[in-house]
Amino acid sequence: MYTTQHTDRIHLSQEDRAVIEALHNSGATLRAIAQVIHKHYSTVSRELARNAVQNGAYDELEAQKRCETRRLSAKFSARKIENDPTLAR
């Protein structure tokens with residue numbers, strides 16, 4: 001059985017995503033997956049919905065890439081002075 005021990009982190013790690021993929025492919029329920037990775041089942045549900053590939057399957061590597069892209073985009077868009085030429089002066 002898979003387990004992850006970090007309960008203090010807010011974001012899912014790549015290890016969490018690997019566990020989600022393995023258990024989801026084996027037919028485990030959202031609540032069972034959530035219990036193993038010590039997260040709320042709605043977190044697992046959102047992760048599967050947000051990062052599903054075209055055929056509805058979940059790929060941990062693709063999910064990690066999408067997560068990193070979203071984080072970089074969020075950080076870039078938050079740079080108001082750099083992104084606004086009138087503020088940069």
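Expressed to the nearest 0.5 Å, how far CD of E15 lies from CD1 of I37 amounts to 10.0 Å. To the nearest 0.5 Å, the span separating CZ on R46 from NZ on K39 amounts to 11.0 Å. Separation of atoms CZ (R31) and OG (S45) is listed at 10.5 Å; rounding is to 0.5 Å. Note that the CG atom of D16 and the CD atom of E21 stand 13.0 Å from one another [nearest 0.5 Å].
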Under the side chain to side chain donor-acceptor pair (under 3.5 Å) criterion, do E68 and Q64 qualify, and how do the steps go? CA-CA 6 Å; E68 290 168 0; Q64 186 68 28; 3.2 Å; yes
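Atom CZ of R66 is surrounded by more than 12 heavy atoms from other residues, nucleotides or ligands within 6.0 Å.
In this structure, E47 and R17 approach most closely via the heavy-atom pair OE2-NE, 2.9 Å. The two residues R71 and L12 have their closest heavy-atom pair at NH2-O, 4.4 Å.
A search for side chain to side chain donor-acceptor pair (under 3.5 Å) contacts involving Q14 returns nothing, not counting sequence neighbours. Under the rule for a side-chain contact (heavy atoms from CB on, under 4.5 Å), A52 has no partner lying at least two apart in sequence or in another chain.
Contact annotation: the side chain of Y58 approaches that of N51 to within less than 4.5 Å [non-hydrogen atoms, C-beta and beyond].
Paired with L30 under the rule side-chain contact (heavy atoms from CB on, under 4.5 Å), one option of V44, L23, I20, T43 passes, and it is V44.
For T69 (side chain) and K65 (main-chain N/O), a donor-acceptor pair under 3.5 Å exists by modelled atom type.
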